[in-house]
Amino acid sequence: MAELKNDRFLRSLLKQPVDVTPVWMMRQAGRYLPEYRASRAKAGDFMGLCTNPELACEVTLQPLDRYPGLDAAILFSDILTIPDAMGLGLYFETGEGPKFQKAVRTEADVNALKVINPEQDLPYVVNAVKTIRRELNGRVPLIGFSGSPWTLATYMIEGGSSRDFRRAKEMLYNQPQVMHRLLDVLADSVTVYLNAQIKAGAQAVQIFDTWGGALSHAAYQEFSLKYMQKIVNGLIRENEGREVPVILFTKGGGQWLEVMAATGATALGLDWTTDIGNARRRVGDKVALQGNMDPGILYASPERIRAEVGSILAAYGNGSGHVFNLGHGITPEVDPEHAGAFINAVHELSGQYHR
């Protein structure tokens, strides 16, 4: 593998000194970029893009070509590849988000699920990681990722997106043993899936717990955090002579930072509802922090974006351990010029905190 030319993202996750705060964006390869929309049209549809390693590589690299200031690439894929590999039949309806042909509603449905074999069941993801890593040629590190067990379970039980998670919570409260069985199979699948990505060349991994914040305080710890802990315990933590950092991101999880930091993860992702300075005081030196600008700021003027970047950098303060990111994914309507202003502002304004 090529020598890494820019490793400030990895160094920052490990709280090692850096010259400026590294930056990347969740969903940085996405619909806000005209070049992405062209690649997607070429693929035919979203799943056509995900399942073609060459096109997945093409769209992964597009934001890096447009924004040389980005300090990491993230694998282009979808969090619902695991349920799809379990035979649920993932498809996307325009304007409606992901859906499954089969939902998981009963104990029999859960008992029929098997832990995936990534090389056999998701070869297109493993091949995409290998292809992207080769084409990056050491420009920046590559991030692999997966959805959290609880987040994947909500989609599988509801049959797609949900506002209230009625069916998932009904199973959680009425049949907790069935929910635990489902989450166990998913945790084991996520573990082998992320390890396959690491072996294929991912240099850091992130677990997206998109819907953990929809749980009560007790339910979060029993049905989400417990299974992310299981994954963290099972991951390859060193590869190619380097530590492989693990980032946990629970959207709406600001109240649980201390217990998340105790999992052994390297870093915690923050959404925009948590003050990053307060978060740093709470977790101390246990973990690095990633985040946490409101993606909605990108609709504002470049001057306003720059001011917000400055505020977040000041709130975090001096020293390493901060990876700048949005508090959730960039939205499709954002002007690409505004995203560029954001990325440039992070590097231009952060040097003073690393002297």
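Just the heavy atoms: all of them, side chains too, but no hydrogens, waters or symmetry mates, feed the values below.
Look at R8 and D71 and you find a salt bridge, because one of the NZ, NE, NH1 or NH2 atoms lies within 4.0 Å of a carboxylate O, short of that distance. Ion pairing between a basic and an acidic side chain is recognised when a charged N comes within 4.0 Å of a carboxylate O; R306 and E348 show such pairing. Checked for salt-bridge contact, R242 and D7 meet the test: a charged N lies under 4.0 Å from a carboxylate O. Salt-bridge check for K230 with D188: passed, with a basic side-chain N closer than 4.0 Å to an acidic carboxylate O. Taking the charged nitrogens against the carboxylate oxygens, K42 and E58 do have a contact shorter than 4.0 Å, which makes a salt bridge. Using a 4.0 Å cut-off between charged nitrogen and carboxylate oxygen, D285 and K15 do not count as a salt-bridge pair. Between E240 and R133, at least one side-chain N (NZ, or NE/NH1/NH2) sits under 4.0 Å from a carboxylate O, which counts as a salt bridge.
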* List the steps, then state whether ring-ring contact (aromatic ring centres under 6.0 Å, His included) holds for Y353 with H322. => CA-CA 11 Å; Y353 299 102; H322 179 202; 9.3 Å; no

* To do: Check step by step if ring-ring contact (aromatic ring centres under 6.0 Å, His included) holds for Y91 and F100.
  => CA-CA 6 Å; Y91 67 101; F100 286 112; 8.3 Å; no

* Taking it one step at a time, do D121 and K114 satisfy salt bridge (Lys or Arg N to Asp or Glu O under 4.0 Å)? -> CA-CA 11 Å; D121 301 329; K114 301 273 188 297; over 6 Å; no

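Around atom CD of Q352, more than 12 heavy atoms belonging to other residues, nucleotides or ligands sit under 6.0 Å away. Annotation for R282: atom CZ counts as buried by contact number, over 12 foreign heavy atoms lying within 6.0 Å.
The nearest pair of heavy atoms linking F9 to A204 is CE2-CB, 3.9 Å. The two atoms that bring C57 and I132 nearest to each other are CA-CG1, 3.6 Å, heavy atoms only. Shortest non-hydrogen contact noted between V140 and L70 is CG1-O, 3.6 Å. For the residue pair A265 and V232, the shortest heavy atom distance occurs at N-CG1, 4.0 Å. Of all the heavy atoms in T250 and G213, the pair that sits closest is CG2-N, 3.9 Å. When all heavy atoms are compared, the tightest approach of Y124 to C50 is CD1-O, 3.2 Å.
Between the side chains of E333 and Y299, at least one donor-acceptor pair of N or O atoms lies under 3.5 Å. A donor-acceptor pair shorter than 3.5 Å cannot be found between the side chains of T331 and R27.
Side-chain N or O atoms of R11 include none that pairs as donor or acceptor with a backbone N or O of Q16 at under 3.5 Å. Checked by atom type and distance alone, the side chain of N127 pairs as donor or acceptor with a backbone atom of P123 at under 3.5 Å. At least one donor-acceptor pair closer than 3.5 Å links the side chain of S189 to the backbone N or O of I116. In this structure, T51 contributes its side chain and M47 its backbone to a donor-acceptor pair below 3.5 Å.
Residues H347 and V23 are in side-chain contact: their nearest non-hydrogen atoms beyond the backbone lie under 4.5 Å apart. H328 is not listed as a side-chain neighbour of L326, based on a closest heavy-atom distance of 4.5 Å or more. Taking 4.5 Å as the limit, some side-chain heavy atom of N117 sits within range of a side-chain heavy atom of E119. Side-chain atoms of I247 and V205, non-hydrogen and from C-beta on, never get closer than 4.5 Å to each other. Residues Y227 and S148 form no side-chain contact, since every pair of their non-hydrogen atoms from C-beta on lies 4.5 Å or further apart.
Between F249 and F208, the ring-plane angle classifies as perpendicular under the 30° and 60° cut-offs. Note: W150 and F165 have tilted aromatic rings, judged against thresholds of 30 and 60 degrees for the angle between ring planes. Note on ring orientation: taking the six-membered ring where Trp is involved, the planes of F46 and F76 are perpendicular (angle over 60°, cut-offs 30° and 60°).
To the nearest 0.5 Å, atom CD1 of residue I198 and atom CD of residue E238 are 11.5 Å apart. To the nearest 0.5 angstrom, L182 atom CG is 12.0 Å from Q177 atom CD. Rounded to the nearest 0.5 angstrom, L113 CG and I82 CD1 are separated by 12.0 Å.
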